[in-house]
Amino acid sequence: MSELIARDSPWGPLVVADAHVHFFSHRFFEILAGQKPGLTVEEIRTRIDWTFPPPRPQPLAEAWARELDRHGVHRAALIASVPGDHESVLAAVHAHPDRFVAFAMANPKAWSPKTFSEVRAACLFPAMHQYSIQSDEVRAVFEWAEQGNRAVFVHCGVLSVGVREKLGLPSPFDMRFSNPIDVQVVARRHPGVSVIVPHFGAGYFREALMLADMCPNVYLDTSSTNRWMRYQESSLNLRQVFQRALEVVGPQRLLFGTDSSYFPRGWNHQVFEEQARALYELGVSQAAARGIFAENLLRILAG
Ligand SMILES: [Zn+2]
């Protein structure tokens with residue numbers, strides 16, 4: 001059992017596990033370069049103003065480990081953010097098994113469970129890869145998750161991938177495949193699989209709540225700045241989002257996340273400050289905060 005690292009919070013020292021950190025490895029950019037004729041990694045490097053990752057994933061893993069130390073973050077789920085980049089996050093997990101957990105984007109149309117044996121959550125983006133979460137090709141991913149007490153992350157709602165836009169990569173995302181309601185049947189068919197819907201449904205807040213209310217194995221991740229709130233019919237602030245989510249889903253099925261992704265910004269502590277303040281102002285207990293900020297994620301990943 002590793003020593004728990006804690007961070008200052010309105011409740012006092014709090015263990016924090018981030019359910020949503022993108023691991024933008026060199027390989028990630030190599031794969032993106034391959035998605036547009038003529039685009040090279042060298043050109044990507046000149047076009048983005050982030051600290052560019054070195055060719056091997058280990059130094060980036062070290063940078064993230066130091067970043068978690070600096071912010072008093074106990075653990076982070078690192079997401080391989082394009083299909084084919086799972087080995088980069090696995091290298092990070094091998095270097096720091098007590099700090100990182102491997103999540104990886106998968107396209108069920110090219111699914112290979114063998115390469116995912118050490119991955120703890122498969123991240124599905126139905127709108128990006130243009131399939132229905134209800135289709136047969138998704139079944140094998142849920143079976144893989146069920147057999148290994150793993151999770152399946154299903155991105156719903158509005159999807160915009162900043163780095164793809166920056167690089168002019170084709171992004172023909174199909175929003176017809178992004179409704180959380182479509183997840184109900186498959187979540188119910190696999191009650192042993194923890195299903196994570198990020199960003200409170202990213203615009204489908206009501207539907208994400210309905211899904212989670214119907215399926216006890218559905219979890220909502222709180223990550224990002226939640227800009228989707230501007231789509232709501234009546235204005236909604238973060239505190240009201242949490243209040244509604246706590247009423248319907250409860251504190252045991254909310255997973256704190258930041259959606260951190262690049263350096264030099266590193267770990268986006270502002271998301272933590274805002275969410276902790278909103279929850280504290282709602283009168284959330286220390287026990288509930290412990291669940292939201294770490295224990296729920298650690299529990300489902302422990303299988
Ligand atoms: Zn994200």
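In each ligand, atom 1 is the first atom listed, and ligand 1 is the first ligand listed. A quick note: this is a predicted structure, and the numbers were derived from the prediction, not measured.
- In this structure, a donor-acceptor pair under 3.5 Å is present between the side chains of R164 and Q35.
- The only member of F153, F103, F256 that meets ring-ring contact (aromatic ring centres under 6.0 Å, His included) when paired with H20 is F153.
- For D259, the N, O or S atom with the smallest separation from the Zn ion (ligand 1) is OD1.
- Counting backbone and side-chain atoms alike, H22 contributes an N/O/S atom closer than 2.8 Å to the Zn ion (ligand 1).
- Taking 2.8 Å as the criterion, H20 counts as a coordinating residue of the Zn ion (ligand 1), since one of its N, O or S atoms falls below it.
- For W228 and F205, the ring centers are positioned less than 6.0 Å apart.
- Under the 3.5 Å distance criterion, with hydrogens and angles disregarded, a donor-acceptor pair is assigned to the side chains of H96 and E62.
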